Novice: 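The structure that follows is given in the form of structure tokens.
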Amino acid sequence: MAKKSILVARAVFPEVLERLGLHFEVESNQADVIWPRDEFIRRLQGKAGVFTTGGERIDAALVAACPDLKICANMAVGYNNFDVPAMTAAGVLATNAPDVLTETTADMGFTLLMATARRVSESEAYLRTGQWSKWCYDMFCGADIHGSTLGILGMGRIGRAVAKRGAHGFGMKVVYHNRSRLTPDLEAEVNAKYVSKQELFKQADHIVLVLPYTAENHHTVGAAEIALMKPTATIVNIGRGGLIDEDALAAALAAGKILGAGLDVFEGEPKVNPALTALKNVVLTPHIGSATVPTRQAMANLAADNLIGYLTQCQAKTPLNSL
Ligand code: 8YV
């Protein structure tokens with residue numbers, strides 16, 4: 001039987017391409033060119049599956065223009081690039097890559113929390129630019145992490161992994177807010193207390209955003225929420241850039257209304273709001289939350305498993321819709 005054809009939209013580990021090549025005719029993009037949408041659609045003609053990485057928008061217009069497409073496998077847990085109802089209506093399976101990145105991404109949340117609270121980027125820039133001439137009693141004094149209150153907005157798998165690090169590793173009191181409250185067992189496991197969103201912003205010393213990005217929670221953190229924060233508090237975003245109103249955040253940081261922010265994701269990424277890059281009290285990283293070699297390999301292999309499983313045996317490991 002002739003092999004089905006698939007498209008791999010971005011560069012990926014060569015061994016994953018090799019695996020896919022055992023099952024499919026593979027058109028790949030190892031040059032990692034960002035294809036304009038019309039070119040992406042043109043390359044999808046005749047393809048039964050596509051391996052995406054979170055940046056490729058799959059919507060009603062795209063699925064209508066690609067009648068052979070049966071599955072889109074995202075190498076990301078977030079799938080705000082997928083219009084899942086439109087895909088379901090067109091009979092296209094959507095899959096994401098959950099679980100395999102949970103601990104690595106939680107590590108990154110904590111990395112940004114600590115770097116922000118202890119002013120690591122700012123003090124390193126000071127040293128590198130030759131400004132360090134003497135010790136001073138209040139030089140780069142930041143906020144304590146141990147024993148402080150950690151506020152987590154979005155208590156899914158990654159949120160709970162961040163909570164465990166805070167509660168068990170740093171003796172933090174953990175408060176959280178989520179669309180739905182955790183079961184008592186899960187709350188006990190992560191030692192976290194459910195509070196309203198307002199209370200979270202008031203009580204927390206360090207806030208971490210880990211919720212999925214949807215139309216409903218666009219700018220869920222804006223001027224009103226930031227105004228509730230303590231002047232010594234920090235906020236970290238490892239979810240999606242659109243969760244925060246970046247202009248409001250930059251204004252609060254510039255005015256010293258909060259201590260700092262740690263951001264791995266940005267609304268217009270890879271472009272970053274110049275109001276943020278102009279500030280010292282913000283730690284900025286280029287969407288590297290899941291970026292360790294074993295985790296990225298596991299994510300890529302899970303996306304490949306989904307393509308292989310679905311197109312050869314009608315079985316995907318981590319489907320987002322049922323057809
Ligand atoms: C991905 C992410 O690396 O999984 C996600 O949702 O944000 C990252 O881990 C990124 O989306 C590219 O696929």
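Atoms within a ligand are numbered from 1 in the order they appear, just like the ligands themselves. Predicted model, so just to flag it, every value in this text is computed and none were measured. Side chains are part of it too, since the values below use all heavy atoms of this structure and drop only hydrogens, waters and symmetry mates.
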Novice: How does His287 reach ligand 1, by side chain, by backbone, by both or by neither, if only non-hydrogen atoms under 4.0 Å count?
Specialist: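 For His287, only side-chain atoms sit under 4.0 Å from ligand 1.
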Novice: Report, in ascending order of atom number, the atoms of ligand 1 lying under 4.0 Å from any heavy atom of Gly78.
Specialist: 4 (O), 5 (C), 6 (O)
Novice: Any idea which atoms of ligand 1 are less than 4.0 Å away from a heavy-atom of Arg296?
Specialist: 3 (O)
Novice: Heavy-atom distance to atom 3 (O) of ligand 1: which of Ser290, Ala97, Ala300 wins?
Specialist: Ser290
Novice: With respect to atom 4 (O) of ligand 1, which of Val100, Ile158, Val77, Asn74 exhibits the smallest heavy-atom separation?
Specialist: Val77
Novice: Is there at least one pair of N or O atoms, one from Gly239 and one from ligand 1, spaced under 3.5 Å apart?
Specialist: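 No: no nitrogen or oxygen of Gly239 is under 3.5 Å from one in ligand 1.
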Novice: Okay, side chain of Asp205, backbone of Met172: is any donor-acceptor separation there less than 3.5 Å?
Specialist: no
Novice: Go through ligand 1 atom by atom and flag the ones less than 4.0 Å from a non-hydrogen atom of Arg240.
Specialist: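 Per the distance check, 2 (C), 5 (C), 6 (O), 7 (O), 11 (O).
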Novice: Is it the case that the side chains of Asp247 and Asn273 hold a donor-acceptor pair, with the cut-off being a distance below 3.5 Å and no angle test?
Specialist: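 On atom types as modelled, these side chains qualify, holding a pair under 3.5 Å.
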Novice: Tell me: protein heavy atom nearest atom 11 (O) of ligand 1, and distance?
Specialist: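 Checked against all protein heavy atoms, atom 11 (O) of ligand 1 sits closest to Ala76 CB, 3.5 Å.
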Novice: Is there a donor-acceptor pair under 3.5 Å between the side chain of Glu39 and the backbone N or O of Pro36?
Specialist: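 It does not hold such a pair.
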Novice: Between atom OG of Ser5 and atom CD of Glu27, what is the distance when rounded to the nearest 0.5 Å?
Specialist: 9.0 Å
Novice: For Met75 and ligand 1, does the shortest N/O to N/O distance drop below 3.5 Å?
Specialist: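 There is such a contact, yes.
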Novice: If you compare all heavy atoms of Phe110 against all heavy atoms of Val162, which two are closest, and at what distance to 0.1 Å?
Specialist: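 It is CE1-O, 3.7 Å.
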Novice: As an exercise, identify every atom of ligand 1 less than 4.0 angstrom from a heavy atom of Leu101.
Specialist: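 Result: 4 (O), 9 (O).
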Novice: For Gln198 and Ser196, does a side-chain donor sit closer than 3.5 Å to a side-chain acceptor?
Specialist: no
Novice: In terms of ring plane angle, is the pair Tyr213 and His218 parallel, tilted or perpendicular, where the classes change at 30° and 60°?
Specialist: tilted
Novice: For Ile58 and Cys72, work out which heavy atoms get closest and say how close.
Specialist: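 For Ile58 versus Cys72, the nearest heavy atoms are CG2-SG, 3.8 Å.
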Novice: Please work out, at 4.0 Å between heavy atoms, whether the side chain, the backbone, both, or neither of Thr105 comes within that distance of ligand 1.
Specialist: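 Contact part for Thr105 vs ligand 1: neither.
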Novice: For atom 13 (O) of ligand 1, find the nearest protein heavy atom and state the residue, atom name and distance (0.1 Å precision).
Specialist: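 In this structure, atom 13 (O) of ligand 1 has Thr53 O, 2.2 Å as its nearest protein heavy atom.
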